[in-house]
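What follows is a set of notes on a single structure, which appears directly below.
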Number of protein chains: 2
Amino acid sequence: MKSKGHKELPKPTGRPLSFDPHKALDRALDVFWRKGYDGSSLSDLTKAMRINRPSLYATFGDKEKLFRKVLDHYAEGPASHSTAALQEPTSRAVVKRLLHGTADMLTSGGNPRGCLWVQGALACRNSADSVRKELISRRLGGEAALRQRLKRAIVEGDLPPDANPASLARYIAIIIQGMSVQAASGATRSQLRGIIDIALESWPSRRNT
Amino acid sequence: MKSKGHKELPKPTGRPLSFDPHKALDRALDVFWRKGYDGSSLSDLTKAMRINRPSLYATFGDKEKLFRKVLDHYAEGPASHSTAALQEPTSRAVVKRLLHGTADMLTSGGNPRGCLWVQGALACRNSADSVRKELISRRLGGEAALRQRLKRAIVEGDLPPDANPASLARYIAIIIQGMSVQAASGATRSQLRGIIDIALESWPSRRNT
DNA sequence: GTAATTTCTTACCGTGCGGTACAGAATGGC
DNA sequence: GCCATTCTGTACCGCACGGTAAGAAATTAC
């Protein structure tokens, strides 16, 4: 590998791209989100992205690499609330924002129903096994980040010292993933909010934040 | 349709079946459970069922009809705890048995990880749209049964009169479906039990059952 | 035995899949 | 102009899919 310069735009010779890769990724996200990994065929993708098949291959690699890039795009876009929520001051505020942000995203009119991380992971055929593992690892990663945040909350006195960060984080993860399934079944935003209220009743906290 | 006798075994002429349809259904359940609807090919199925393809077609109809029969088989077998749990005397006992029964099933060594109703419903391609709807309807049916049971609990004074049966049933459904996703991600039985303990802390009840 | 009936075996059909070869079109360098 | 370089469009490849036609094999009825 050569050392790359600061932002070297190395005189792009040759025929220029006729599409915006960022927009194309957006449209690919929409397809994968709606249909899952296996359910999205290359024809679906190229049609939505308004790109020919060899262009897709040249720009993004094969289908699986495109999917991974879409996952990054998803984490930075529609799912960005899940990382942003960790910065709330108290654990209760973190969890509250996490759950409400998820419920809003799951039932936003412009988005497909459900969560890409959950939709894509299940019911994939064997050939997509690495994709399944990737999604599992991303879900576990989010859960681990929350667990770390809850540990900090204990140190800060925000959660009681005998609280179990691992179980609590897993509990929240289950709520999120369950809401995703419910949203795919047609649950409305207010219904999800009703569930969040119940789920938060058992949240341990020293303050009534 | 002619009126059928009590157990008429109407002298089966012709070549007899060389397999047990019940066992074959068992093996088909295993395949669908592990791989989902779309992920299970006819070759996977016939290989596991030890049946030739035309035999499958003659006995069970096409792939979708076989899947529906497998769903019934699943409801009567591995998932039978979910209907049995409704007969517990108190709402708390119902929910407790429901959740623990699910956790046990999800992490039973002999079973595939996860829940057939959840695994199969998501990430299916368009062609299997009717299958997706069938699974959604079965999940909503289970939720409705629990809701009715909780309404009865209010009448019986087992739940406070201001409890919301619809939200509570949905809350439990979310826990179940979330556990299914977690089990597919590798969660262990004791981890799931830890979550159940947290989830039940917010359960309203007049007795400490 | 022979006919009738039902199941089993093999081999195949059309379709859509993910991925690619190849030639033509659009740019920069000179 | 004219080359090198890069992208686009079409048409194709091998493969696995769900589903089926046709005849051989196994049983009962008589």
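By convention in this document, chain letters (A, B, ...) are assigned in the order of the sequence lines, proteins followed by strands, and residues within each chain are numbered from 1.
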Discussion item. Rounded to whole Å, how long is the line connecting atom CG of B/L45 with atom P of D/dA16?
Written reply: 17 Å
Worksheet item: Of the nucleotides C/dA21, D/dC17, D/dT6, which one has an atom closest to the side chain of A/P54?
Response: C/dA21
Discussion item. In whole Å, I'd like the distance from the CD1 atom of B/I51 to the P atom of C/dT6.
Written reply: 19 Å
Worksheet item: Side chains of B/R113 and B/S185: is there a donor and an acceptor less than 3.5 Å apart?
Response: no
Practice prompt. Would you tell me if any nitrogen or oxygen in the side chain of A/S55 comes within less than 4.0 Å of OP1 or OP2 on D/dC7?
Written response: no
Worksheet item: Charged N to carboxylate O below 4.0 Å: is that the case for A/D44 and A/R27?
Response: no
Discussion item. The side chain of B/L17 is closest to which nucleotide in this list: C/dA26, C/dG19, C/dT7?
Written reply: C/dT7
Worksheet item: Are B/K65 and B/Y57 in a cation-pi setup, meaning NZ or CZ lies under 6.0 angstrom from the ring centre and within 45 degrees of the ring axis?
Response: no
Practice prompt. Check every atom of C/dT20, C/dG18, D/dT20 against the side chain of A/Y57 and return the nucleotide holding the closest atom.
Written response: C/dT20
Discussion item. Whole angstroms only, please: what is the CZ-C1' distance between B/R50 and C/dT9?
Written reply: 18 Å
Fill in: Under-4.0 Å side-chain N/O to phosphate OP1/OP2 contact, B/T13 with C/dT6
no
Discussion item. Quick check on DNA chain C: between A/R53 and A/P16, whose nearest nucleotide comes earlier from the 5' end?
Written reply: A/R53
Fill in: Rounded distance in Å - CG (B/N52) to C1' (D/dA25)
13 Å
Worksheet item: Side chains of B/S91 and B/W203: donor-acceptor distance under 3.5 Å anywhere?
Response: yes
Discussion item. Output the rounded distance in Å from CE (A/M49) to P (D/dC7).
Written reply: 15 Å
Fill in: Selection from C/dC17, D/dC7, C/dC8 that lies nearest to any side-chain heavy atom of A/S41
C/dC17
Worksheet entry | Protein-nucleotide distance (B/F19, atom CZ; C/dT6, atom C1'), rounded to Å | 12 Å
Item to complete: Any pair with a residue in residues 70-82 of chain A that passes side chain to side chain donor-acceptor pair (under 3.5 Å), sequence neighbours left out, goes on the list, sorted by first then second residue, please.
Response: A/D26-A/H73, A/D72-A/R138
Worksheet item: Pick the nucleotide of DNA chain D nearest each of B/D62 and B/R15; which residue has the one closer to the 5' end?
Response: B/D62
Practice prompt. Mind calculating the distance between CG (B/D44) and P (D/dG19) to the nearest angstrom?
Written response: 14 Å
Fill in: Interatomic distance, A/K35 NZ vs C/dG18 P [rounded to whole Å]
11 Å
